[in-house]
Amino acid sequence: MGIEIERRFLIPSSQNRLWGGDSLQIKQYYVDEEIISHLIPNDVDISAIHIWRIRSSQQGCFLTGKGRRIGAKAVELEWKIGQDEFDKIDEEYTLFGIEKTRFLWRGVDGLLWEIDEFEGAHSGLIIAEVELESEDQIVQLPEWLGKEITGDNSWSNWALSRMTKP
């Protein structure tokens with residue numbers, strides 16, 4: 001099983017966009033296991049998975065299973081799926097989801113930051129996250145970061161998707 005370790009921060013919406021760089025348009029939905037069970041390899045232990053997500057962007061479509069986050073850590077499993085499979089699920093079900101533009105920005109310490117500018121009901125919300133090798137890894141924090149929300153599940157994409165009607 002893969003382990004994701006990340007720190008997350010709010011960015012004040014008044015902050016000038018100092019991160020720039022490449023961007024992706026992301027559309028993601030949170031799904032019940034029954035909807036995507038045919039996409040999960042039979043030989044994979046999914047007992048630690050709590051939330052299932054499908055995502056579409058210019059990088060392709062993916063099915064991701066996430067375990068409960070404890071501090072900065074969570075189990076994460078991911079498989080590439082076809083655009084046709086994503087579209088079929090999108091068309092057949094009414095799902096909770098979010099849309100956002102993700103900017104990729106490299107910090108002075110070489111770490112890659114993902115800065116998500118949310119759209120729709122969450123327009124104006126900006127969250128930055130950086131994935132780490134260990135929880136105690138030293139990170140040079142950009143000056144434009146706001147409040148740290150690492151471990152605060154009320155700011156997770158899943159929680160945000162539940163704040164609006166599908």
Side-chain angles (χ1 to χ4, degrees), residues 1-33 36 46-79 95-166:
M1 289 210 174
I3 301 290
E4 175 185 62
I5 303 170
E6 67 182 10
R7 289 181 66 187
R8 302 180 80 223
F9 299 82
L10 293 175
I11 298 178
S13 58
S14 61
Q15 175 63 51
N16 290 329
R17 287 191 178 115
L18 300 175
W19 46 90
D22 296 333
S23 68
L24 301 167
Q25 294 303 122
I26 295 174
K27 184 183 213 181
Q28 63 189 41
Y29 295 109
Y30 294 89
V31 296
D32 293 329
E33 187 177 328
I36 47 80
I46 60 169
S47 60
I49 300 304
H50 175 63
I51 294 172
W52 292 98
R53 173 188 80 202
I54 59 170
R55 172 184 281 170
S56 176
S57 77
Q58 293 93 323
Q59 294 178 327
C61 296
F62 295 89
L63 166 65
T64 305
K66 292 188 173 249
R68 293 192 185 278
R69 186 161 299 283
I70 300 172
K73 283 185 176 181
V75 169
E76 182 176 271
L77 302 174
E78 187 167 79
W79 300 271
L95 303 167
F96 289 98
I98 57 171
E99 293 187 38
K100 58 190 177 180
T101 301
R102 171 168 287 171
F103 293 88
L104 306 174
W105 180 81
R106 185 94 35 204
V108 294
D109 54 7
L111 294 176
L112 183 63
W113 287 80
E114 297 174 340
I115 296 97
D116 292 339
E117 293 186 11
F118 289 80
E119 298 167 10
H122 302 298
S123 182
L125 175 63
I126 307 171
I127 296 178
E129 60 186 49
V130 61
E131 289 197 21
L132 307 172
E133 296 293 322
S134 68
E135 285 188 275
D136 58 354
Q137 182 175 347
I138 303 297
V139 179
Q140 189 164 354
L141 302 178
E143 63 184 30
W144 37 262
L145 293 177
K147 176 184 175 184
E148 183 163 8
I149 55 172
T150 302
D152 183 345
N153 292 329
S154 64
W155 289 100
S156 72
N157 287 318
W158 178 87
L160 293 172
S161 77
R162 293 300 195 263
M163 292 180 183
T164 58
K165 293 181 180 180

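- Side-chain contact between E114 and L104 is present, with at least one heavy-atom pair separated by less than 4.5 Å.
- For CD of Q58, the number of neighbouring non-hydrogen atoms (other residues, nucleotides, ligands) closer than 6.0 Å is greater than 12.
- Side-chain contact check for Y29 versus S56: every heavy-atom pair is 4.5 Å or farther apart.
- The shortest distance between side-chain heavy atoms of E6 and L132 does not fall below 4.5 Å.
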inquiry  = For T64 and W79: C-alpha separation, side-chain torsions, deciding distance, then whether side-chain contact (heavy atoms from CB on, under 4.5 Å) applies.
reply    = CA-CA 6 Å; T64 305; W79 300 271; over 6 Å; no
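- Taking 4.5 Å as the limit, every side-chain heavy atom of I126 sits out of range of all side-chain heavy atoms of L10.
- Considering E131, E148, E135 in turn, E148 is the only one that fulfils the side-chain contact (heavy atoms from CB on, under 4.5 Å) rule with R7.
- Residues T164 and A121 share a closest heavy-atom pair of CG2-CB, 3.1 Å.
- In this structure, the side-chain contact (heavy atoms from CB on, under 4.5 Å) partners of A128, at least two apart in sequence or on a different chain, are I11, W113, I115, W144, L145.
- Looking at I127 and I149, their side chains come closer than 4.5 Å, going by heavy atoms from C-beta outward.
- For Q140, the side-chain contact (heavy atoms from CB on, under 4.5 Å) test picks out V108, D109, with sequence neighbours left out.
- The two residues S161 and Y30 come nearest to each other via the heavy atoms OG-CD1, 3.5 Å.
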inquiry  = Would Q28 and I54 count as a side-chain contact (heavy atoms from CB on, under 4.5 Å) here? Give the steps.
reply    = CA-CA 6 Å; Q28 63 189 41; I54 59 170; over 6 Å; no
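- Under the rule for a ring-ring contact (aromatic ring centres under 6.0 Å, His included), W155 has no partner lying at least two apart in sequence or in another chain.
- For N157, there are no side-chain hydrogen bond (donor to acceptor under 3.5 Å, both in side chains) partners, not counting sequence neighbours.
- The distance from the CG atom of L63 to the CG atom of L77 is 9.0 Å, given to the nearest 0.5 Å.
- Atom-to-atom distance recorded for I98:CD1 and S156:OG is 8.5 Å, nearest 0.5 angstrom.
- Among residue pairs with one or both ends in residues 50-68, those qualifying as salt bridge (Lys or Arg N to Asp or Glu O under 4.0 Å) are E4-K66, R53-E78, K66-E76; sequence neighbours excluded.
- With contacts defined as side-chain heavy-atom distances shorter than 4.5 Å, the pair E99/H122 does not qualify.
- Note that CZ of R8 is 8.0 Å distant from OG1 of T150, once rounded to the nearest 0.5 Å.
- Looking at every heavy atom in both residues, G124 comes nearest to S13 through O-CB, 3.3 Å.
- Under the 4.5 Å side-chain criterion, counting only non-hydrogen atoms from C-beta, L111 is not in contact with W105.
- Put simply, CH2 on W158 and CD1 on I51 are 5.5 Å apart, with the number rounded to the nearest 0.5 Å.
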Would you give me the side-chain donor-acceptor pairs under 3.5 Å for residues 18-27, sequence neighbours excluded?
{"residue": "W19", "atom": "NE1", "partner": "E117", "partner atom": "OE2", "Å": "3.4"}
{"residue": "Q25", "atom": "OE1", "partner": "T101", "partner atom": "OG1", "Å": "2.9"}
{"residue": "Q25", "atom": "NE2", "partner": "T101", "partner atom": "OG1", "Å": "3.3"}
{"residue": "Q25", "atom": "NE2", "partner": "E119", "partner atom": "OE2", "Å": "3.2"}
{"residue": "K27", "atom": "NZ", "partner": "D90", "partner atom": "OD2", "Å": "3.4"}

